[in-house]
Amino acid sequence: MASSEEDGGGNGAVEEKENGKKRKLGALATAWLIFYNVAMTAGWLVLGIAMVRFYIQKGTHRGLFRSVQKTLKFFQTFALLEVVHCAVGIVRTSVLVTGVQVSSRIFMVWFIAHSIKQIQNEESVILFLVVWTVTEITRYSFYTFNLLNHLPYFIKWARYNFFIILYPAGVAGELLTIYAALPYVKKTGMFSLRLPNKYNVSFDYYYFLIIVMFSYVPLFPQLYFHMLRQRRRVLHGEVIVEKDD
Ligand SMILES: CCCCCCCCCCCCC[C@@H](O)CC(=O)SCCNC(=O)CCNC(=O)[C@H](O)C(C)(C)COP(=O)(O)OP(=O)(O)OC[C@H]1O[C@@H](n2cnc3c(N)ncnc32)[C@H](O)[C@@H]1OP(=O)(O)O
């Protein structure tokens, strides 16, 4: 079943709602977003298939992160463009909300999972990997079909329902992984700067990680409630007035 809620321009442009009015997205911006979303859907699909194949062949999750890490790093880092999309205004989303979401993922990939090899085989790593993969395949295919004005209802439904379970599950995976990393960070003193040094500053990555874990408490509910508002708007047609950043 396909729903065509937006009247797409026959000239290759797409119209988006802004303050209740329609906003025209240029043909170039539309083409770029379609390319971006197709590439991201494909990337996360490749990652998902690689994970399933790995598990079927090896019968264990040990070594899974190592085997998929290149694809994961590439596509998750590529998601930084989402902040640019919001900043330049081709996507009607908050820079702040997107920035928190993307930076926390980049942080998990590069500064936790990539940097601390000892935790790569933790079950919690597999938990957030699986959750991110299901989320992103759904999310990017939603954006793609939406831009093409042929959005199957089940994709729309999945985009605005899966997160209810997947968001807390992903957060649990991320927090458990950071928690598992703490002893190694403490033992090695990695990414830390002790006094005295020529800059006369000290930084302790161990305590930084504890602060990051606590920062989920105020930040995660904001993302979750943002998604619940989007859900009411998209699935139930409620008009929601969002505050500016
Ligand atoms: C340096 C250390 C930093 C440490 C920070 C620590 C803080 C940590 C707290 C945060 C925890 C996050 C944990 C997280 O990683 C866990 C997970 O992700 S688990 C998996 C479940 N997650 C999800 O389901 C959410 C996934 N993310 C998102 O959906 C988005 O990133 C988000 C920004 C949260 C919300 O997106 P958005 O507001 O854009 O919602 P919509 O999808 O409804 O889109 C709104 C409109 O914009 C259009 N849009 C958006 N993007 C595109 C695109 N790429 N192409 C085309 N169009 C796009 C969309 O169609 C909507 O348009 P319209 O209004 O016209 O319908």
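Just so you know, ligand 1 is whichever comes first in the structure, and atom 1 is the first atom listed for that ligand.
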Measuring from the heavy atoms of [X], does anything fall under 4.0 Å of ligand 1?
{"X": "H226", "value": "yes"}
{"X": "M40", "value": "no"}
{"X": "F111", "value": "no"}

Q | Within 6.0 Å of NZ in K58, more than 12 heavy atoms from elsewhere | A | no
Could you check whether atom CZ of F203 has more than 12 heavy atoms from other residues, nucleotides or ligands sitting under 6.0 Å from it? yes
N or O contact, [X] vs ligand 1, cut-off under 3.5 Å:
{"X": "T98", "answer": "no"}
{"X": "E136", "answer": "no"}
{"X": "R92", "answer": "yes"}
{"X": "Y160", "answer": "yes"}
{"X": "R105", "answer": "yes"}

Geometric class of the Y160/F142 ring pair [parallel <30°, tilted 30-60°, perpendicular >60°]: perpendicular
Options [options], ranked by nearest heavy atom to [atom], top entry:
{"atom": "atom 16 (C) of ligand 1", "options": "E174, M213, Q76", "result": "E174"}
{"atom": "atom 10 (C) of ligand 1", "options": "I34, L223, T138", "result": "L223"}
{"atom": "atom 23 (C) of ligand 1", "options": "N37, T135, N146, L219", "result": "T135"}
{"atom": "atom 36 (O) of ligand 1", "options": "R159, E82, Q230, R139", "result": "R159"}

Using a strict 4.0 Å cut-off to heavy atoms of [X], name the atoms of ligand 1 that fall inside it.
{"X": "M227", "value": "29 (O), 35 (C)"}
{"X": "S215", "value": "6 (C), 7 (C)"}
{"X": "G170", "value": "19 (S)"}
{"X": "V131", "value": "19 (S), 20 (C)"}
{"X": "V171", "value": "13 (C)"}
{"X": "F163", "value": "24 (O)"}

### Query
With distance as the sole test, does S192 use its side chain to make a donor-acceptor pair with the main-chain N or O of Y205 at under 3.5 Å?
yes
same_hphob_cluster(F208, V185) at 4.5 Å side-chain heavy-atom cutoff = yes
Here the pair of heavy atoms bringing A79 nearest to Y140 is CB-OH, 4.1 Å
Heavy atoms of V95 and C86 approach each other most closely as CG2-CB, 3.7 Å
Honestly, for Y143 the part within reach of ligand 1 (heavy atoms, under 4.0 Å) is side chain
Residues passing the salt bridge (charged side-chain N to carboxylate O under 4.0 Å, His left out) test with R105, sequence neighbours excluded, are E136
Exercise for review: Could you give me the CA-CA distance, side-chain angles and deciding distance for E82 and R139, then say whether salt bridge (Lys or Arg N to Asp or Glu O under 4.0 Å) is met?
Suggested key: CA-CA 13 Å; E82 272 166 59; R139 187 164 75 94; 3.0 Å; yes
Hey, can you pull the donor-acceptor pairs under 3.5 Å for the side chains in residues 161-180, sequence neighbours left out?
unit_1	atom_1	unit_2	atom_2	d
N161	OD1	R231	NE	3.1
N161	OD1	R231	NH2	2.7
N161	ND2	W157	O	3.0
Y167	OH	Q101	OE1	2.4
E174	OE1	Y216	OH	2.6
E174	OE2	W132	NE1	3.0
T177	OG1	S124	OG	2.9
T177	OG1	G173	O	2.6

Passes side chain to side chain contact (heavy atoms under 4.5 Å, CB included), Q120 versus V125? Steps please.
CA-CA 7 Å; Q120 289 178 353; V125 172; 5.7 Å; no
Report the C-alpha distance between T133 and L72 in whole Å, list the side-chain angles of each, state the deciding distance to 0.1 Å, and finish with yes or no for side chain to side chain contact (heavy atoms under 4.5 Å, CB included). CA-CA 9 Å; T133 305; L72 170 72; over 6 Å; no
